Amino acid sequence: MVKDLLSVRHLNVGFDHQFGHTAVIDDVSFSIEKGETLCIVGESGCGKSLTSLSIMGLLPKGGRITDGKILFQDHDISHKTTKELSKIRGKEISMIFQEPMTALNPLHTVGHQIAEVLLAHEKVSRNEANQKAVEMLKLVGIPSPEKRFKQYPHELSGGMRQRVMIAMALICKPDLLIADEPTTALDVTIQAQILELIQELKNKFGMSLLLITHDLGVVSETADKVIVMYAGQVVESSETKELFTHPKHPYTQGLIKSIPKMDEDEEELATIKGTVPSPDEMPEGCRFVTRCPFAKDICHQKKPPIVNVGHEVHCWLYSDDNVKGGIPLVDNV
Amino acid sequence: MLYYIARRLVLMIGILFLVSVLVFVLINVIPGDPATLMLGQEATAGARAALRQSLGLNDPLYIQYLHWVGGVLHGNLGYSLADHTPVMSILLNKIPVTLELTILSFLIAVAIAIPVGIISAIRKGTAWDYVTTVFALSGVSIPAFWLGILLIYLFSVTLGWLPPSGYVSLTDNPVKSIVLMIMPSISLGIRLSAQLTRMLRSSLLEVMEADYIRTGYAKGLMEKAVVFKHALRNAMLPVLTVSGLELSAFLGGAVITETIFAVPGLGQLIVNAILTRDFPIVQGAILFIAFAVVFVNFLVDIAYSLLDPRISLGGASK
Amino acid sequence: MEQPQLKAGPITFSKPSKKVVSRRSSKILKHKLALMGGIFVAVLILLAVFAPLIAPYSPIRQSYAEALKPPSSAHWFGTDTLGRDLFSRIIFGAQVSLKAGLISVGLALLIGVPLGMISGYFRGLWDDLIIMRVTDAMLAFPSLILALTLAAVLGPSLNHAMIAIGLVFTPNFIRLVRGEVLAQREREYVTAAKASGLKNVHIMIRHIFPNILGPIIVQATLNVAAAIIAEASLSYLGLGTQLPTPSWGAMLAEGQGYLQQAPWISIFPGLFIFVAVISINVFGDGIRDWLDPKIK
Amino acid sequence: MSIMSDPSVPEKILEVKDLKKFFYAHKGLIGNHRQEIKAVDGINFSVFRGETLGIVGESGCGKSTMGRAILQLQKPTEGSVTFEGIELTRLKNHKLRKLRKDIQMIFQDPFGSLNPRMTVGAMLKETVQTHHVVKSNETKEYVENMLEQVGLKKSFYSRYPHEFSGGQRQRISIARALAVKPKMIVCDEAVSALDVSVQAQILNLLQRLKKQYGLTYLFISHDLSVVKHISDRVAVMYLGQIVELADKKEMFNNPLHPYMKALLSAIPLVNQESRERIILKGEVPSPLNIPKGCRFHTRCPFAKAICSEKVPELEEKKEGHWAACHFA
């Protein structure tokens with residue numbers, strides 16, 4: 001068995017606020033092997049971004065890990081101090097974000113911001129760092145890197161800025177790159193460029209990639225493994241191809257069906273009724289129960305078990321009791 | 001960059017023009033006849049008419065304005081009604097005094113505001129932050145004249161450490177000059193320092209929430225590096241703008257401070273001139289102060305554009 | 001604008017509708033300072049309104065035998081140079097201060113808000129060239145000096161001081177309102193209102209105004225505090241309220257010469273100005289937090 | 001509605017001719033040096049009654065500006081827009097306001113397009129009353145019905161926008177647009193801010209309402225799959241101009257313009273076997289500095305010498321299929 005680079009075990013994250021505490025992420029587990037691409041997919045508010053931020057120890061104010069472990073190269077990094085984490089961040093685990101405009105400091109040149117990472121982690125001179133930064137700019141496909149080095153973020157386009165973010169993230173050759181919706185703010189043609197670049201560099205550096213996205217298309221074209229999250233929980237996890245050919249969880253099925261298809265015409269789109277419940281109004285039992293077309297009594301009462309149906313799905317419909325009880329399995333897409 | 005400065009200069013000249021118009025209107029639309037004012041109620045109608053003629057008061061207002069501006073451009077601000085000394089020479093006497101006071105106050109304000117603001121933002125929610133908040137709130141609320149009187153009561157009347165009032169020129173006796181300026185500078189500077197503290201604190205808190213700060217941490221920078229390299233400079237931008245805008249209120253405060261501590265500067269000059277209705281002096285002094293405010297704000301704009309690379313591209317607008 | 005914004009939205013703690021109000025009040029309760037400020041302001045208003053009932057003495061009755069008496073049970077805050085009871089004078093002084101604060105800010109609002117709204121909503125040359133440049137120019141003058149000059153030009157009296165302060169504060173409101181309107185104008189709900197065929201005046205009053213009311217209230221509150229200081233300053237310099245009407249600023253000035261013998265003459269009026277101003281400021285800050293747009 | 005018209009000849013409800021919208025960047029000492037930003041630069045098309053015309057393009061291509069210029073929310077720099085034979089660009093303000101009853105708009109941002117300080121009912125009532133849709137004593141009932149029409153509860157009438165989710169807000173916007181019984185609705189990225197599952201709900205709703213009320217849609221979006229789903233015909237925009245316009249089926253099966261081909265190949269798809277991808281090099285040029293000749297030639301994988309010299313006209317290459325390319 002290949003050793004996991006990152007292994008998240010029973011992660012729970014919650015927010016302290018003036019009314020007390022709201023649990024947001026509930027018992028999330030997954031692992032990434034070396035060189036692998038794992039996607040976490042889900043809609044707004046499902047907790048996919050928070051999951052990635054908790055790995056980095058960058059939870060927003062009030063957020064904290066309440067339970068679980070985050071094993072990176074077999075060390076638990078879930079409760080390290082900022083000082084300890086600063087040795088890992090940017091060097092072993094790097095992260096790029098959705099909004100390349102706001103993620104870069106507007107008052108520093110992009111070259112400075114890239115070189116800074118190297119200076120923070122390695123014993124190099126300012127000159128060497130600058131030189132390396134120019135090389136990185138070239139590597140991420142920025143034309144005339146020497147000139148761009150001296151420019152400020154506002155002088156670059158969105159796509160260029162995201163390339164700068166990538167250069168910054170990869171300058172120390174990390175083992176893991178976390179990309180949180182890296183192409184969401186970009187146009188399709190630019191998105192294609194950036195995704196291609198990330199893939200290419202991932203292979204070149206032999207990194208693992210944790211990609212957070214809401215776009216099933218992106219997942220299908222990039223991921224080795226996928227986790228589908230809903231309302232702070234994992235509902236299904238699988239190899240990519242398997243997931244798209246045999247989605248089992250009613251949520252995953254609904255999600256796939258509700259995308260307008262490019263290769264066929266349909267009169268009406270399949271939908272998932274209703275909306276995601278707010279964290280304060282989470283139903284007991286299965287969190288998807290309020291929107292699930294197949295909800296049974298048990299779904300309202302108890303948290304669904306993890307069932308292996310060729311891959312893992314968190315759903316009562318596939319539990320042995322149900323199958324034995326004669327309740328039909330849900331049809332595939 | 002040069003382009004930007006040139007544009008700002010053009011804008012500044014426009015404002016200076018409006019400032020001069022405002023000053024002129026303010027003083028020349030006074031109810032009451034300057035000639036009567038100058039000659040006293042007893043003067044004959046003929047004498048008054050003659051004076052009006054010689055002062056050009058019978059001309060239309062815009063001619064009077066042009067005359068006046070023409071004089072201003074040549075460094076002639078008119079003559080005091082009281083003793084006919086040129087306003088310009090009176091101002092030149094008073095300006096260094098006020099300059100010393102304001103610079104000292106400003107230094108005190110900045111010396112307090114920057115460290116206090118930073119610490120209270122970083123240690124938000126601690127006892128230190130609480131103390132700072134109370135200080136800042138009191139500082140912006142305390143009337144300068146009361147603070148001045150409290151200082152005098154404490155340090156002069158009760159403790160006898162500092163002389164209650166007076167002024168010695170910096171060139172005559174630097175030590176004594178500074179000693180005399182301690183209380184006035186504190187009483188003038190405290191409000192600004194409180195304001196800057198509040199601004200810096202809230203601005204820094206806001207910046208610390210920005211995405212690029214998260215990026216800074218994500219890169220593996222230590223907290224110190226994040227705060228000082230990435231947050232502080234960005235947080236200073238709004239503080240800089242505000243301190244430019246606050247400058248005029250700050251100079252206004254000098255009026256009160258100089259009156260309390262009997263500092264013979266521009267402020268005291270204005271108050272006395274207003275009380276004796278010596279309007280040419282009022283006019284000249286106000287004009288000077290407004291020009292100073294506009295000019296300093298021009299410098300602030302330039303400083304801002306040096307700090308913020310997004311500015312110098314020049315204004316594109318829809 | 002055209003950027004697709006499929007945000008991975010932040011977790012929001014949305015609560016059922018009814019709780020929104022209680023959440024807001026709980027927020028203001030949390031700011032104990034703001035509450036204290038509010039209470040002080042209320043007490044001050046009561047003092048001013050019921051001054052004749054509360055004050056133990058007439059504020060203008062002189063008594064040379066009683067002059068310069070330190071605080072005692074008969075005269076809580078002592079007496080002044082003319083033997084007038086300071087406590088009574090301070091309570092009546094509250095009337096003057098509050099009146100000055102409210103009326104001058106009211107005047108500034110009356111002129112500033114409509115000008116700012118028109119200027120921000122219609123933009124154009126008129127706005128850019130006239131209103132904005134003139135307010136810029138006005139803001140170059142220290143407001144205190146401007147108010148002093150105006151008060152001197154109009155002649156020293158409380159009414160004139162209020163007019164002067166009101167005029168001097170007007171550019172603050174023009175700027176604020178214009179800026180807020182400009183920001184709102186760019187919001188899509190205004191375009192939506194236009195697209196559905198509503199009249200400009202209707203959009204300004206029914207749509208934009210309610211959305212900028214919060215910042216206006218906050219600024220007005222804070223400016224009341226500033227106006228109280230301004231009136232006190234004018235009176236301190238002899239250009240505001242005229243004797244024998246009790247005004248905190250004038251009382252303070254009067255006592256300055258007697259700091260050695262009778263420090264209370266200056267200290268108590270100053271203390272009241274300070275408490276009044278800090279209370280209003282704290283209260284204003286509280287409103288600002290309370291109206292925090294993040295709560296939407 | 002003209003009952004007389006021959007159903008086989010579709011009737012033009014909206015016609016856009018040579019529409020231009022320029023913005024200006026002022027430079028120079030006192031703003032004396034003016035730079036043109038050609039956001040929309042000469043657009044021609046018609047919308048037929050009862051159809052949905054999709055407009056697709058990347059950010060900065062001018063599609064939203066075009067939408068606003070058609071509705072006269074931003075005055076066009078040049079060109080003409082006729083709605084049911086009435087020229088909108090020269091219409092007086094009060095007449096334009098009355099006409100807005102017939103063309104409504106739905107915006108992208110479900111959080112920004114509703115006034116946060118007005119109840120849902122007040123907002124809908126206001127437009128209904130402005131255009132005198134029903135008698136004033138029937139307004140409330142009418143508005144409540146409208147809410148039900150778009151899948152909301154009557155009780156939402158007295159609630160504020162912040163109490164709703166993105167999808168619900170978009171339904172409110174739709175109800176507001178629909179309440180004045182318009183003939184045409186311009187949807188500007190109306191589903192772009194929504195999650196897919198909610199997006200599907202809203203798209204279905206729009207489709208249903210279209211049938212029910214005989215509406216015409218101009219549907220602006222950056223999302224090809226959404227545009228494909230909802231449109232009858234599709235126009236593709238690039239740098240302020242239409243580069244291709246055709247029937248939906250024809251457009252997606254047989255794209256002619258290299259830009260459209262590239263767009264189609266760039267969308268990541270679920271469950272698709274590997275396909276040939278055209279990844280465009282570089283980025284969209286600035287509208288301040290539009291390339292000579294064909295605007296797309298700087299990124300076009302098939303560009304020849306002529307492309308950088310001669311501007312390709314939007315021509316009908318096949319029946320009903322227009323493209324602006326020398327080689328299409």
Side-chain angles (χ1 to χ4, degrees), chain A residues 49 52-53 55-61 81-110 112-122 150-155 161 164-165 168-172 174 177-178 180 185, chain B residues 1 3-4 120-126 129 200-241 301-317:
Chain A
S49 283
S52 65
L53 289 172
I55 297 170
M56 291 294 280
L58 289 175
L59 285 173
K61 264 209 188 97
T81 61
T82 307
K83 204 174 162 186
E84 289 165 336
L85 279 172
S86 67
K87 289 181 190 132
I88 299 171
R89 293 173 184 156
K91 181 159 171 60
E92 289 168 51
I93 310 178
S94 285
M95 186 158 181
I96 55 178
F97 302 94
Q98 174 175 351
E99 291 287 344
M101 179 70 225
T102 54
L104 290 167
N105 190 330
L107 303 189
H108 295 285
T109 60
V110 295
H112 177 93
Q113 294 186 59
I114 297 170
E116 191 180 37
V117 187
L118 206 60
L119 287 168
H121 293 292
E122 279 163 37
K150 294 191 200 99
Q151 288 188 319
Y152 291 93
H154 72 272
E155 296 172 80
R161 284 186 210 122
V164 168
M165 283 300 292
M168 199 153 86
L170 300 188
I171 193 167
C172 287
L177 175 67
I178 302 177
D180 184 1
Chain B
M1 188 65 216
Y3 216 63
Y4 177 78
S120 68
I122 296 175
R123 305 271 167 262
K124 193 193 166 199
T126 61
D129 181 32
L200 183 57
R201 176 178 179 275
S202 64
S203 161
L204 201 53
L205 281 176
E206 202 181 315
V207 168
M208 291 298 286
E209 299 276 304
D211 281 357
Y212 55 82
I213 295 300
R214 189 175 63 182
T215 308
Y217 284 115
K219 283 174 176 180
L221 300 182
M222 306 286 256
E223 185 171 25
K224 227 195 233 161
V226 173
V227 171
F228 285 96
K229 277 192 186 157
H230 287 277
L232 195 57
R233 189 164 152 203
N234 303 57
M236 284 307 282
L237 288 177
V239 178
L240 187 65
T241 315
D301 274 351
I302 304 288
Y304 197 104
S305 76
L306 288 175
L307 278 176
D308 190 342
R310 287 166 295 186
I311 298 293
S312 41
L313 273 181
S317 65

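Note on naming: letters A, B, ... go to the chains in the order of the sequence lines (proteins, then strands), and numbering restarts at 1 for each one. If you're wondering where the values come from, they're calculated on a predicted model, not measured in any experiment.
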Q) Is there a side-chain contact (heavy atoms from CB on, under 4.5 Å) between B/T215 and A/M165 once you walk through the steps? A) CA-CA 9 Å; B/T215 308; A/M165 283 300 292; 3.9 Å; yes
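- Only the backbone of B/L307 comes within contact range of chain A, with heavy atoms under 4.5 Å apart.
- Neither the backbone nor the side chain of B/A210 comes within less than 4.5 Å of any heavy atom of chain A.
- Top candidate by heavy-atom pairs under 4.5 Å with chain B, chosen from A/T109, A/T102, A/I93, is A/T102.
- Under the ring pair (Phe, Tyr, Trp, His ring centres under 6.0 Å) criterion, no residue pair touches residues 207-229 of chain B, with sequence neighbours excluded.
- How far CG of A/L107 is from CE of B/M236: 12.0 Å, rounded to the nearest 0.5 Å.
- Contact check for B/R214 versus A/L53: side-chain heavy atoms found under the 4.5 Å cut-off.
- For B/E209, the side-chain hydrogen bond (donor to acceptor under 3.5 Å, both in side chains) partners at least two apart in sequence or on another chain are A/K61.
- Here the closest non-hydrogen pair linking B/G220 and A/A120 is O-CB, 4.4 Å.
- Considering every non-hydrogen atom in both B/P309 and A/P106, the closest pair reads CG-O, 3.4 Å.
- When all heavy atoms of A/M56 and B/A218 are compared, the pair lying nearest together is CE-O, 3.6 Å.
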Q: Applying side-chain contact (heavy atoms from CB on, under 4.5 Å), run through A/H108 and B/H230 and close with a yes or a no.
A: CA-CA 8 Å; A/H108 295 285; B/H230 287 277; 3.8 Å; yes
Q: Decide side-chain contact (heavy atoms from CB on, under 4.5 Å) for B/K219 and A/Q113; before the verdict, give the C-alpha distance in whole Å, the side-chain angles of both, and the deciding distance to 0.1 Å.
A: CA-CA 10 Å; B/K219 283 174 176 180; A/Q113 294 186 59; 3.8 Å; yes
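- For B/E206, the CD atom sits in a loose shell: 12 or fewer heavy atoms of surrounding residues, nucleotides or ligands are nearer than 6.0 Å.
- The neighbour count for B/E223 CD, taken as heavy atoms of other residues, nucleotides or ligands under 6.0 Å away, does not exceed 12.
- Of the listed residues (B/L237, B/I213, B/D211), the one with the most heavy-atom contacts under 4.5 Å to chain A is B/D211.
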